[in-house]
S.K.: 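So that we are looking at the same thing, I have put the structure below in structure tokens.
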There are 2 protein chains.
Amino acid sequence: MGTTKSEGFSTETNELAHLFKALGHPARIAIIQFLRKQESCICNDLVNELPLAQPTISQHLKELKNAGIIKGNISGTSICYCLDLSKIKLLDVFLASLSYDQNQSCC
Amino acid sequence: MGTTKSEGFSTETNELAHLFKALGHPARIAIIQFLRKQESCICNDLVNELPLAQPTISQHLKELKNAGIIKGNISGTSICYCLDLSKIKLLDVFLASLSYDQNQSCC
DNA sequence: TTGTTATATTGCAATATTACGATGTTATCG
DNA sequence: CGATAACATCGTAATATTGCAATATAACAA
């Protein structure tokens, strides 16, 4: 155990969980907030922005890329990372679907 | 290590990460999907719906409650769990804020 | 070539998460 | 009262995550 049991759940459920999990770390939220703030999406100075060592940041970027939340292009010596809005939209749709039902019958 | 470093990040960043993390497991997504599907929000038969043992489900419910995503009221022998939409809305607002900027200058 | 800059990968220690059997707890039923 | 039903909690094994130093790689500059 320690392993997440994914067999009994639908593909959609598993994908949503995987995306949410990728966002479930302050460093990764901070990366996304920084990307949003940036004019360009080149983020070479992330190391100076976050209170984490360079390998740790690299690891978090990898996880976000793996989940499909950001995409990166090599641009000379640095790398250009940008948000992939299609995945964000998936999450947005899911969360929005929760607000429609107002069966507040007991709570 | 193994411990998440939260000191260097803003309160908002940490809270968002904490909420997303709570959603980062298929069982917890399934619980929320089930809550959405239900007419009433009494969810005593979650044990029959999910491919997990009762203590495991109880643990996941606790985590969702801890994050403030669901709230539970005792109702006789069973417990009534419902979504707390205010937290959902926080996430919704964050995700929506990512879609406004269209600085697709490189990717 | 040598050096520098930007990033990735490896390896590991510390800690967290997941899952579940066993066992509590609490309310209701007979 | 005792039995049952619906949870919660405890304890623990297996595995995952986090963070970083050390090291590798790759592109460019001098």
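In what follows, chains are A, B, ... by sequence order, proteins preceding strands, each numbered from 1.
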S.K.: Please pick, from C:dT18, D:dA8, C:dC20, the nucleotide with the shortest atom-to-atom distance to any side-chain atom of B:R28.
M.R.: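 When the side chain of B:R28 is considered, C:dT18 is the closest of C:dT18, D:dA8, C:dC20.
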S.K.: With respect to the phosphate group of C:dA16, does any side-chain polar atom (N or O) of B:K21 fall under 4.0 Å of OP1 or OP2?
M.R.: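 So the side chain of B:K21 is outside the cut-off, no N or O lying under 4.0 Å from OP1 or OP2 of C:dA16.
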S.K.: With sequence neighbours excluded, what pairs up with A:K87 under the salt bridge (charged side-chain N to carboxylate O under 4.0 Å, His left out) test?
M.R.: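 Once residues adjacent in sequence are excluded, the partners of A:K87 under the salt bridge (charged side-chain N to carboxylate O under 4.0 Å, His left out) criterion are A:E15.
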S.K.: Please determine if a side-chain N or O atom of B:Y81 lies less than 4.0 Å away from the OP1 or OP2 oxygen of D:dA6.
M.R.: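 B:Y81 to D:dA6 OP1/OP2: no side-chain N or O under 4.0 Å.
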S.K.: To the nearest Å, how far apart are A:Q59 CD and C:dA6 C1'?
M.R.: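 Taking CD of A:Q59 and C1' of C:dA6, I get 18 Å after rounding.
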S.K.: Which part of the nucleic acid, if any, lies within reach of A:T4 when heavy atoms closer than 4.0 Å are counted: base, sugar-phosphate only, or nothing?
M.R.: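 Since only primed, P, OP1 and OP2 atoms lie under 4.0 Å of A:T4, the category is sugar-phosphate.
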S.K.: Between A:S58 and B:G24, name the one whose nearest nucleotide on DNA chain C is closer to the 5' end.
M.R.: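 Checking each residue's closest nucleotide, the 5'-ward one belongs to A:S58.
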S.K.: Starting at CD1 of A:I70 and ending at C1' of C:dA8, how long is that distance when rounded to a whole Å?
M.R.: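 Nearest whole value for this atom pair: 14 Å.
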S.K.: Measure from NE2 on A:H25 to C1' on D:dA16 and round the result to the nearest Å.
M.R.: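 Interatomic distance, NE2 of A:H25 to C1' of D:dA16: 13 Å.
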S.K.: To the nearest Å, give me how far apart NE2 (A:H60) and P (D:dC20) are.
M.R.: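 Going from A:H60 (NE2) to D:dC20 (P), I get 9 Å.
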S.K.: Which whole-number value in Å describes the distance from A:N66 CG to D:dT17 P?
M.R.: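 For the pair A:N66 CG and D:dT17 P, the rounded distance is 11 Å.
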S.K.: Indicate whether OP1 or OP2 belonging to C:dT15 is found under 4.0 Å from a side-chain N or O atom of B:T3.
M.R.: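 It does not, given that no N or O in the side chain of B:T3 lies less than 4.0 Å from OP1 or OP2 of C:dT15.
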S.K.: Nearest 0.5 angstrom please: A:K21 NZ to B:K21 NZ, how far?
M.R.: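 Going from the NZ atom of A:K21 to the NZ atom of B:K21 covers 9.5 Å.
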S.K.: What pair of heavy atoms forms the shortest contact from A:L98 to B:L85, and how long is it?
M.R.: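 The pair with the smallest heavy-atom distance is O-CD2, 3.6 Å.
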S.K.: Quick one: sort the B:H60 and B:H25 rings into parallel, tilted or perpendicular, breaks at 30° and 60°.
M.R.: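 If you compare the ring of B:H60 with that of B:H25, the planes turn out tilted.
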S.K.: Whether the side chain of B:Q54 and the base of D:dA8 hold a donor-acceptor pair under 3.5 Å is what I'd like checked.
M.R.: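 Answer yes: a donor N or O sits under 3.5 Å from an acceptor.
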S.K.: With the side chain of A:P55 defined as its heavy atoms from C-beta on, choose the nearest nucleotide among D:dA8, C:dT9, C:dC20.
M.R.: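 From the listed options, C:dT9 comes nearest.
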S.K.: Can you measure A:I31 atom CD1 to C:dT7 atom C1' for me and round it to whole angstrom units?
M.R.: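 Rounded to whole Å, this separation is 13 Å.
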S.K.: What contact category does A:I57 fall into here, base, sugar-phosphate, or nothing, at under 4.0 angstrom with non-hydrogen atoms?
M.R.: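 Nothing, no nucleic acid heavy atom in range.
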S.K.: Ignoring backbone atoms, establish whether A:T56 has a side-chain N or O less than 4.0 Å from OP1 or OP2 of D:dT18.
M.R.: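 The answer is no; no side-chain N or O of A:T56 sits under 4.0 Å from OP1 or OP2.
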S.K.: Could you tell me how far apart A:I79 (CD1) and D:dA27 (P) are, to the nearest whole angstrom?
M.R.: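 Those two atoms, CD1 and P, are 10 Å apart.
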S.K.: Report the distance from atom CG of B:L64 to atom C1' of D:dC7, rounded to the nearest whole Å.
M.R.: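 For the pair B:L64 CG and D:dC7 C1', the rounded distance is 16 Å.
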S.K.: State which residues pass side chain to side chain contact (heavy atoms under 4.5 Å, CB included) with B:Q33; sequence neighbours excluded, sorted by chain then number.
M.R.: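 Residues passing side chain to side chain contact (heavy atoms under 4.5 Å, CB included) with B:Q33: A:E12, A:T13, A:L16, A:F94, B:I29, B:A30, B:R36.
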S.K.: DNA chain D: A:G2 or A:E63, which has the more 5' nearest nucleotide?
M.R.: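 The answer here is A:G2.
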S.K.: Report yes if a side-chain nitrogen or oxygen of A:K62 is closer than 4.0 Å to either non-bridging phosphate oxygen (OP1 or OP2) of C:dA8; otherwise report no.
M.R.: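 No.
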